[in-house]
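Naming convention: chains lettered A, B, ... in sequence-line order (proteins, then strands); numbering from 1 in each chain.
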Amino acid sequence: MKHFMPRNGCPNCWSEDLEWVDASGRGTVHTFSIVHRAPLPEFAADAPYVVAMVDLEEGPRMYTNIVGEAALDVAIGDKVQVRFQDRGEGTVVPQFTRVRG
Amino acid sequence: MATSTSLRNKVAIVGVGESDIGKVPNQTGLGLNVQAARRAIVDAGLKPSDIDGLLTAYSYVEPYQMLGSALCEYTGIRPRMAASMVVGGASPGVMLHHAATSIAMGLAETVLVCAGENRATGLGREGSIAMLTNQGHPQFERPFGGSIPAGYAMVARRYMHEFGITREQLAAVAVNTRAHALLKPNAQMKTPLTIEDVLASKPIADPLRMLDCCIISDAAGAFIVTSAERAQDLKHKPAYLLGIGEMHTHEHIMCAPSFTHFGAAESGRMAFEMAGVGPKDMDLAQLYDCFTIVPIIELEELGFVEQGAGGQFFLDGHARIGGKLPINTHGGMLSQAHAGAAGALLGIVESVRQLRGTEGARQVKDARLALVHNEGGILSSHCTMIFSNQKG
């Protein structure tokens, strides 16, 4: 059973016998919102931008952004692929782009 | 799992109070709480020395370490039971649950419950939005620029996708509560609203627009709970608690078990079971309405209508005073006031007044049974309450 966010035990069976699993980076958009009114000044220049819940191929769900070409045309059910945004000082943020076809 | 001991008919709300509402720059948040509490004690015909239990929620504007104790200090009330409970918008219901249990077990006889903040004056719009945004998970939510509206917008988007809820149906929720706020003297929003106004308001987090979002207020509310025996000797017709239930599933929307099924169904089931009544028996309902999608979901989860039918219920006018089930008869958090846990508490205050039959133009005719649903986080924690002016 896979879970996300990371915890020190499984929220389903309470096992502490856990291991990290690499995800494929492929997923499906479960839902999304286009944010027009950035809640904090540091995001204001990006608006409008897409926040989304992406269901990973492996099962768990992530809070993320949809970015890249035609991101604002995103729809529920779209297939997406991860890409990582480097924000400096060791911070890397997983975001997703829409996959054609 | 053992079922909880029934609290049916054990306690009643005997006094209610609201602070001044809107922008109240001459009061601190603590002061607003005390203003509401004083009005509730006077309303009950009691003295401050009659209060032997005190429960309050939280304040982000004035983050006292022990808000309950701070209120004791401010008022001079010396209760033998006090606490501050932090369950977001579900706090008022959860506090009532704890007050009722405490009274039933003899920990206290008469409990003051109050909540509120001066968010409009103390934080303002930018400050309030930033503060709420920082409630997201620091590592797995906040880096993406989401907000509380965006979280609820994602719920709305999925709900619209699965059940065909429309933008007009969402807007009808805001129009409904505004019509009621116009009849409520102590309400912040006083201009009439149309569906077109809501649809033309500026986009915040698609599909939610500004008028789909709750307001930001200075506000506090308070109520007094006591045993059913004692309630009979007091000033007003008591509002007996017939049933109450809670369900808690997550804090962060990312970890919600579902985007279309929430804890309200289970908290409602427990409350109805304790009360021995069902949705069809209710004369009115105050449903948590931080965003227009939320009362639609609650109406469905609580069993008033089939899943997917909640939006049309509002659009058809059934939630209006005089309709099949009047909802948020005081204007709710979309139009009366919203300041932390005060928003949900003011729905309890309104229900008690409706059950007394004192509300004039806003009065629901022959109101005997009222349901209140509180919700905290992003549909994370739920509490459903059922009140009546007669023992059940």
Tell me the closest heavy-atom pair linking [X] and [Y], and the distance in Å.
X: B/Asp212; Y: B/Thr292; answer: OD1-OG1, 2.7 Å
X: B/Ser267; Y: B/Gly245; answer: CB-O, 3.4 Å
X: B/Gly146; Y: B/Thr133; answer: O-CG2, 3.5 Å
X: B/Ile378; Y: B/Val155; answer: CG2-CG2, 4.5 Å
X: B/Gly22; Y: B/Ala120; answer: O-CB, 3.9 Å
X: A/Arg98; Y: A/Ala71; answer: CD-CA, 4.3 Å

Relative to chain A, which of [options] shows the most heavy atom pairs under 4.5 Å?
options: B/Ala205, B/Pro207, B/Ala150, B/Pro203; result: B/Pro203
options: B/Met210, B/Lys202, B/Glu141, B/Glu126; result: B/Glu141
options: B/Pro143, B/Ala130, B/Ala153; result: B/Pro143
options: B/His137, B/Gln139, B/His252; result: B/His137

A/Ile34, part contacting chain B, at a heavy-atom distance under 4.5 Å: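 It is both, since atoms from each part get that close.
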Please classify the contact of A/Ala75 with chain B as side chain, backbone, both or neither, using a heavy-atom distance under 4.5 Å.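 No part of it gets close to chain B.
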So which bits of residues 8-18 of chain A come within less than 4.5 Å of chain B, counting non-hydrogen atoms only?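 Against chain B, none of the residues of residues 8-18 of chain A fall inside the cut-off of heavy atoms under 4.5 Å.
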Give the interface residues of residues 56-68 of chain A toward chain B, defined by a heavy-atom separation under 4.5 Å.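 Residues A/Arg61, A/Tyr63, A/Thr64, A/Asn65 are the ones that qualify, each having a heavy atom under 4.5 Å from chain B.
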Considering only heavy atoms, which portion of B/Arg142 lies under 4.5 Å from any heavy atom of chain A: side chain, backbone, both, or neither?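 Contact with chain A: backbone only.
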Under 4.5 Å from a heavy atom of chain A, the part of B/Leu208 involved: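 When you check distances to chain A, no heavy atom of B/Leu208 falls under 4.5 Å.
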Between B/Arg167 and B/Glu196, does any NZ, NE, NH1 or NH2 come within less than 4.0 Å of an OD or OE carboxylate oxygen?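 Result for this pair is no, no salt bridge flagged.
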Check the orientation of A/Phe4 and B/Phe140. Use parallel for under 30°, tilted for 30 to 60°, and perpendicular for over 60°.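 If you compare the ring of A/Phe4 with that of B/Phe140, the planes turn out perpendicular.
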Mind telling me whether A/His30 and B/Phe259 have parallel, tilted or perpendicular rings, with 30° and 60° as the class edges?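 Ring orientation, 0 to 90° scale: perpendicular.
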Could you tell me whether the side chain of [X] and the main chain of [Y] form a donor-acceptor pair under 3.5 Å?
X: B/Ser59; Y: B/Glu117; result: no
X: B/Glu300; Y: B/Gly310; result: yes
X: B/Arg209; Y: B/Ser201; result: yes

Are more than 12 heavy atoms from other residues, nucleotides or ligands located less than 6.0 Å from atom NZ of B/Lys190?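 Enclosed.
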Do you know which of A/Asp46, A/Ile76, A/Val50 has the most heavy-atom pairs under 4.5 Å to chain B?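 Most pairs with chain B among the choices: A/Ile76.
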Which residue is it: B/His373, B/Glu246, B/Glu298? I am looking for the one with a side chain to side chain donor-acceptor pair (under 3.5 Å) to B/His382.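 Per the side chain to side chain donor-acceptor pair (under 3.5 Å) rule, the option paired with B/His382 is B/His373, out of B/His373, B/Glu246, B/Glu298.
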